[in-house]
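Have a look at the structure below before the remarks.
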Amino acid sequence: CRVLIPHRVEVLHPVVPVANFVVIGLCVLMFLGQMGFLLELNEAFVLTSWNPIELLFSSLVHADLFHLIFNMWYLWVFGNAICAVFGNAKFLGIFFAGALVSAITHLILDGNPAVGASGAINTIIGVFLALYPVNRIHCLYFFWVKAGSFSIQAYWLIAFWFICDIFGVISGSGGTAFWAHIGGFVFGIGIGIAALSGGWVALSKYDNETLLDIINKKERISRY
């Protein structure tokens, strides 16, 4: 389903997303460790049981270079925006809470060994949908020999990805932790709505309507 590759989101960045850079750096270092002396340590982080270390840190380990590159790309695009608006400390909490919830969901509903940040990244994407549902996402697309770019409102593209995950669960496609994606995503929407309701995050007057605004049929004066 990822023939559509996002490369930029139209979101204001009030804070430098240092914490997201740190998470990406940790994932890269863990992957480099798989080719050296950290191999056995990385294997200890594979999600296979209810071990708290596996639940939290399997999100930092990736199966291969392709897996790492795609996850880090999505984390860069969406993580920078969420880290910038929530701040570095809260972002780390959101990421690792998402890693925990997605890992638990995977263990309950799938149970196969798993690694990767995609569950936590889907939490970040869920938060993004709650805060910026109508903001545009700029994408590259590749279809056989044809390629190009376009922009689309966030809720359309994210809904498409969610449907792909649902289809993956129904079809029983192996090799991807679809339940982790779904669990992380739903949790992320919950975090986003809770943050908006509780005032944990402050958007500027230039931001578009949030998911909560749409539900409450409230329009903002300005559009970014």
Side-chain angles (χ1 to χ4, degrees), residues 1-7 9 27 45-51 54-56 58-75 77-79 82 94-135 137 139-144 146-147 150-194 211 214-215:
C1 291
R2 289 186 175 179
V3 293
L4 305 179
I5 303 176
H7 65 88
V9 294
C27 290
F45 290 160
V46 175
L47 181 63
T48 58
S49 69
W50 295 96
N51 184 322
E54 295 177 12
L55 289 171
L56 279 175
S58 59
S59 60
L60 301 179
V61 181
H62 290 81
D64 52 44
L65 182 60
F66 185 78
H67 188 205
L68 175 73
I69 289 173
F70 261 80
N71 272 354
M72 294 307 97
W73 183 267
Y74 278 71
L75 185 57
V77 172
F78 293 98
I82 298 306
I94 292 171
F95 179 88
F96 284 106
L100 180 62
V101 169
S102 60
I104 290 173
T105 305
H106 176 79
L107 285 176
I108 293 173
L109 298 173
D110 188 320
N112 289 311
V115 293
S118 56
I121 293 169
N122 272 273
T123 295
I124 300 299
I125 292 174
V127 175
F128 186 93
L129 178 63
L131 268 61
Y132 305 113
V134 299
N135 287 42
I137 300 174
C139 301
L140 304 174
Y141 70 86
F142 302 92
F143 184 73
W144 293 94
K146 188 176 182 180
F150 68 99
S151 68
I152 186 173
Q153 287 183 302
Y155 64 87
W156 287 114
L157 183 60
I158 294 173
F160 171 71
W161 289 336
F162 183 70
I163 291 170
C164 286
D165 284 329
I166 294 293
F167 179 77
V169 168
I170 295 172
S171 64
S173 302
T176 302
F178 292 111
W179 277 117
H181 294 183
I182 294 169
F185 177 68
V186 173
F187 179 63
I189 293 177
I191 289 179
I193 291 177
L211 188 60
I214 293 173
I215 292 172

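Sequence positions, counted from 1, serve as the residue numbers for this chain.
Side-chain contact between I121 and F78: absent, with no pair of heavy atoms (C-beta onward) separated by less than 4.5 Å. Side-chain contact check for L56 versus F45: every heavy-atom pair is 4.5 Å or farther apart. The side-chain heavy atoms of F162 and H181, taken from C-beta on, include no pair separated by under 4.5 Å. The shortest side-chain heavy-atom distance between I182 and T105 does not fall under the 4.5 Å cut-off. Using a 4.5 Å cut-off on side-chain heavy atoms (C-beta onward), D165 and N122 make contact. A heavy-atom distance below 4.5 Å is not found between the side chains of I108 and W179.
Taking all atoms of both residues into account, the shortest heavy-atom contact from P6 to I137 is CB-CG2, 3.7 Å. A114 and H106 make their closest contact through CB-NE2, 3.6 Å (heavy atoms, listed as atom of the first residue, atom of the second, distance). Taking each heavy atom of A117 and M72 in turn, the nearest pair found is CB-CE, 4.3 Å. In terms of heavy atoms, A130 sits closest to G192 at CB-CA, 3.7 Å. Scanning all heavy atoms of the two residues, the minimum distance from L47 to S49 falls at CD1-O, 3.7 Å. Counting all heavy atoms, side chain and backbone alike, W50 lies closest to L55 at O-CD1, 3.7 Å.
The aromatic rings of F150 and Y141 sit tilted relative to each other, their planes meeting at an angle between 30° and 60°. H62 and H67 have perpendicular rings, their planes meeting at more than 60° on a 0 to 90° scale where under 30° would count as parallel. Classified by interplanar angle (parallel below 30°, tilted 30° to 60°, perpendicular above 60°), the ring pair F70/F66 is tilted.
From I170, atom CD1 reaches atom CD1 of I163 across 10.5 Å, with rounding to the nearest 0.5 Å. To the nearest 0.5 Å, atoms CZ (F187) and CD1 (I124) are separated by 10.0 Å. Considering CG of L68 and CG of L75, their distance stands at 10.5 Å, rounded to 0.5 Å. Rounded to the nearest 0.5 Å, atoms CG (L211) and CZ (F128) are 12.5 Å apart. Here the straight-line distance linking atom OG1 of T176 with atom CG of N112 works out to 11.5 Å at 0.5 Å rounding. The distance from the CD1 atom of I189 to the CD1 atom of I125 is 11.0 Å, given to the nearest 0.5 Å.
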Output a table of donor-acceptor pairs, distance under 3.5 Å, between side-chain atoms of residues 95-102 and any protein atom two or more places apart or on a different chain; print 'none' if there are none.
from, atom 1, to, atom 2, distance (Å)
S102, OG, G98, O, 2.8
S102, OG, A99, O, 3.1

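Considering only residues two or more places apart in sequence or on other chains, F142 meets the side-chain contact (heavy atoms from CB on, under 4.5 Å) condition with I5, L140, A147.
For T123 (side chain) and G184 (main-chain N/O), a donor-acceptor pair under 3.5 Å exists by modelled atom type.
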**Study point:** CA sep, side-chain torsions, deciding dist, call: N71, C27, side chain to side chain contact (heavy atoms under 4.5 Å, CB included)
**Key:** CA-CA 10 Å; N71 272 354; C27 290; over 6 Å; no
Exercise for review: Report the C-alpha separation of L4 and I152 in whole Å, then their side-chain angles, then the decisive distance to 0.1 Å, and conclude whether the side chain to side chain contact (heavy atoms under 4.5 Å, CB included) test is met.
Suggested key: CA-CA 11 Å; L4 305 179; I152 186 173; over 6 Å; no
